[in-house]
Every structure is written in structure tokens, then in C-alpha cells.
Amino acid sequence: MIVPGSSSQLLAAALAEETGRPLATATYDRFPDGERLAAVPEFDGGEATVVATTDSDEAWVELLQLQDAVREAGAERVTTAIPYMGYARQDQSFRDGQPVSARAMARAVSTGTDRVVLVNPHEPTVADFYDVPVETVDAAGVLATPLSDLRDPLFLAPDEGAIGIAETVRDAYGSGETDHFEKHRDRETGDVEVSPSDASVDGRDAVVVDDIVATGSTMSEAVDVLVDRGAERVVAACIHPMLAENAVTRLRAAGVDRIVGTDTIERGCSVVSVAPVLAEALVAEEE
Ligand code: R5P
């Protein structure tokens with residue numbers, strides 16, 4: 001059965017459809033003191049695939065409870081699919097006394113599963129923190145699906161690290177150029193500055209592609225620069241639309257034409273699903 005975390009119900013349903021597996025009805029309750037209780041009353045004891053994005057502390061707790069619930073109900077094998085792995089950006093101890101949060105979370109998840117599937121984790125190396133086999137899938141290509149009729153498109157990464165994602169989207173779209181900005185983030189304030197790429201954008205459509213839009217600082221800076229330089233339309237595309245705080249209004253203020261995201265984090269802009277890519281990874285491993 002496909003067992004959904006409360007934040008991944010649409011994706012889990014799409015995955016059930018893709019794989020032809022039954023979708024379990026999980027329940028998500030709270031005790032009066034605030035503690036959570038996620039359960040899977042109908043789980044039938046076969047193979048379990050827990051699908052849970054961990055975009056909040058509550059979601060992490062729920063994931064651990066769902067893993068344990070299916071084991072308790074006699075699951076023969078547990079796969080844990082984490083469409084968006086929270087805490088992955090703290091993949092190092094950046095300052096004295098800080099934890100490697102991604103490692104701490106990965107160790108906890110590993111105790112309740114036989115394997116893990118991650119979708120575009122912030123750094124691929126976080127896979128090494130798990131104590132069970134991990135498969136990492138690249139869902140960037142699905143971002144091309146909702147893009148159509150772009151005029152002489154330029155696919156831009158906001159920093160060099162995201163150029164591979166921009167190239168994947170361009171390849172899936174079928175035409176266009178790629179380039180990247182240079183990005184500097186002030187570690188104290190979190191403010192982001194991006195230096196424009198050399199490519200001309202005047203009269204063209206630009207698609208800025210990143211793995212995650214969190215506060216929107218990076219993406220809104222990039223959009224702002226492109227609008228200033230005469231781009232016709234600027235689309236913001238990301239795999240993980242976290243869209244924390246006022247990210248959406250910042251992007252609108254910068255002049256974005258459209259925000260396009262996947263359902264690794266279910267938001268209003270999640271116009272395309274990673275379910276086909278995730279399903280392929282789940283099914284391929286079992287064959
Ligand atoms: C950074 O390396 C990532 O790829 C994203 O650019 C970053 O995490 C986005 O964060 P924010 O939206 O807060 O600028």
C-alpha cells in the first residue's frame with residue numbers, strides 16, 4: 001500500500017494511480033497536549049511505501065510514526081519516499097556547536113525502513129547519511145511540462161550549482177539556451193545578490209530554474225534583474241516550492257509572470273507531479 005503523510009496526500013494518490021497500488025487511508029490526530037498520532041488502521045501487512053514530505057517538524061514526527069505503524073501492522077518491507085527532505089541544507093556543521101541536522105534526520109528515518117527514495121535532495125551527498133540503501137531521483141524534467149509557447153527561451157540557474165537542473169528543463173522542453181547567474185548570499189542577513197549572466201534577454205522569455213524556492217530571496221533577485229534587462233516574460237520554476245514567509249508576494253513584486261512548481265511540496269503553484277518519476281524508481285527497484 002501507498003501510505004501518505006498528511007502533507008503528501010495528492011502526491012501519494014497520484015503515485016497510487018501510477019503504480020496501480022492501493023492507497024491507504026492514514027489518520028492524523030493530536031492529543032490534548034499537542035502530541036501527534038498518525039495511524040494506518042486499514043494497513044494489510046504487505047509492502048508499504050510511506051510517502052511523506054518533511055517540510056515541517058510535525059511532518060518528520062508523522063513520518064516516523066507512519067513507518068512504525070506499518071511495521072507494527074506486519075509490513076513485510078517498508079520503503080520511505082521523501083519527496084522533499086527538510087533539514088537537507090544543514091548538511092554540515094557550519095559553526096562551532098552546530099549539528100549536522102540532515103544526518104540526524106537520516107539516521108532516525110533509517111531505523112524504520114528498508115530503503116529510502118529521495119527526490120532532488122538539496123545536496124546529493126545527504127544520501128550518504130542514511131544507514132539503508134537510498135535512491136535519489138531527478139524530477140527536474142517534469143518542470144518543462146507546464147511550459148509552452150515560450151519565445152526564444154533562456155533557461156537560467158540563479159547560481160552555478162543549479163545549472164544542471166536548468167539544462168535538464170531545457171532538454172525536456174526541447175529548445176532554448178541555458179546560462180547562470182553568480183549569486184552571493186550574506187550569511188548574517190540572508191540577503192541575496194545575483195550578478196547577471198552575459199546572455200541577452202531583451203524580448204525573450206526567461207525561465208529561472210532552481211531546486212527550491214524558500215524565502216524567495218534568490219528567485220526574486222533573479223526575476224528582478226531579468227525584468228530590468230527587458231525580458232518579455234519571466235517564469236520562476238522550481239522542484240520544491242517551499243514558498244516560506246512572503247516569497248510569493250516578493251516574486252510578484254519583482255515582476256514574475258508565473259510560478260511553476262512540482263508536488264514535492266503541495267502548494268497552489270504545484271502544477272505538475274513527480275509521481276511518474278517516483279513510480280519509475282519504486283517499480284524498477286522491485287523488478
Ligand atoms: C541554494 O543553494 C538553493 O539552490 C536555493 O537557491 C535556495 O535555497 C533558495 O532559498 P531562498 O528562496 O531563501 O533564497
Side-chain angles (χ1 to χ4, degrees), residues 53-56 59 82-95 98 100-102 105 118-127 129 136-143 154-170 178-197 206-227 234-270 274:
T53 245
T54 51
D55 57 345
S56 66
I82 308 182
Y84 167 71
M85 180 185 164
Y87 288 101
R89 286 181 288 177
Q90 183 75 18
D91 61 343
Q92 298 173 43
S93 176
F94 293 103
R95 292 191 184 160
Q98 287 189 349
V100 180
S101 305
M105 303 323 239
L118 302 174
V119 181
N120 293 88
H122 182 61
E123 291 293 342
T125 47
V126 297
F129 292 142
T136 295
V137 301
D138 180 5
V142 304
L143 287 170
L154 178 63
F155 295 85
L156 280 149
D159 57 38
E160 204 171 352
I163 189 71
I165 301 175
E167 285 170 353
T168 301
V169 178
R170 188 272 315 271
T178 57
D179 206 338
H180 67 86
F181 291 92
E182 296 298 334
K183 169 171 145 184
H184 173 74
R185 187 191 292 269
D186 185 316
R187 278 229 163 251
E188 296 303 321
T189 63
D191 291 344
V192 169
E193 269 179 42
V194 296
S195 317
S197 72
V207 183
V208 190
V209 188
D210 207 351
D211 61 337
I212 173 171
V213 176
T215 64
S217 301
T218 306
M219 191 58 95
S220 59
E221 273 297 308
V223 171
D224 196 43
V225 167
L226 292 165
V227 170
V234 183
V235 177
C238 66
I239 299 164
H240 308 301
M242 171 59 77
L243 301 174
E245 300 172 353
N246 58 355
V248 172
T249 44
R250 289 177 80 171
L251 286 165
R252 290 284 172 227
V256 77
D257 183 72
R258 200 175 164 205
I259 306 169
V260 168
T262 79
D263 54 359
T264 60
I265 303 177
E266 295 177 3
R267 298 280 190 257
C269 69
S270 301
V274 300

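None of the values given here were measured: they were computed from a predicted structure. Read the numbers this way: they start at 1 and go in the same order the structure lists the ligands and their atoms.
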**Study point:** Ser93 side chain vs Gln98 backbone, donor-acceptor pair below 3.5 Å
**Key:** yes
Check: residues 161-170 side-chain donor-acceptor pairs under 3.5 Å, at least two apart:
residue: Thr168; atom: OG1; partner: Gly164; partner atom: O; Å: 2.9
residue: Arg170; atom: NH1; partner: Gly176; partner atom: O; Å: 3.2

Exercise for review: Name all residues meeting the side-chain hydrogen bond (donor to acceptor under 3.5 Å, both in side chains) criterion together with Glu266; count only those two or more places apart in sequence or in a different chain, and write none if there are none.
Suggested key: none
Point to revise | Partners meeting salt bridge (Lys or Arg N to Asp or Glu O under 4.0 Å) with Asp159 (sequence neighbours left out) | key: Lys183
Check your understanding: Checking Thr54 side chain against Tyr84 main chain: does a donor-acceptor pair fall under 3.5 Å?
Key -> yes
Exercise for review: Return yes if some donor-acceptor pair links the side-chain N/O of Ser220 with the main-chain N/O of Ala253 below 3.5 Å, else return no.
Suggested key: no
For ligand 1, list every N/O pair with the protein closer than 3.5 Å, one pair per line with the distance.
residue: ligand 1; atom: 4 (O); partner: Asp210; partner atom: OD1; Å: 3.0
residue: ligand 1; atom: 4 (O); partner: Asp211; partner atom: OD1; Å: 2.6
residue: ligand 1; atom: 6 (O); partner: Lys183; partner atom: NZ; Å: 3.0
residue: ligand 1; atom: 6 (O); partner: Asp210; partner atom: OD2; Å: 2.5
residue: ligand 1; atom: 8 (O); partner: Arg89; partner atom: NH1; Å: 3.1
residue: ligand 1; atom: 10 (O); partner: Arg185; partner atom: NH2; Å: 3.3
residue: ligand 1; atom: 12 (O); partner: Ala214; partner atom: N; Å: 2.8
residue: ligand 1; atom: 12 (O); partner: Thr215; partner atom: N; Å: 3.1
residue: ligand 1; atom: 12 (O); partner: Gly216; partner atom: N; Å: 2.8
residue: ligand 1; atom: 13 (O); partner: Thr215; partner atom: N; Å: 2.9
residue: ligand 1; atom: 13 (O); partner: Thr215; partner atom: OG1; Å: 2.5
residue: ligand 1; atom: 14 (O); partner: Arg185; partner atom: NH2; Å: 2.9
residue: ligand 1; atom: 14 (O); partner: Thr218; partner atom: N; Å: 2.9
residue: ligand 1; atom: 14 (O); partner: Thr218; partner atom: OG1; Å: 2.6

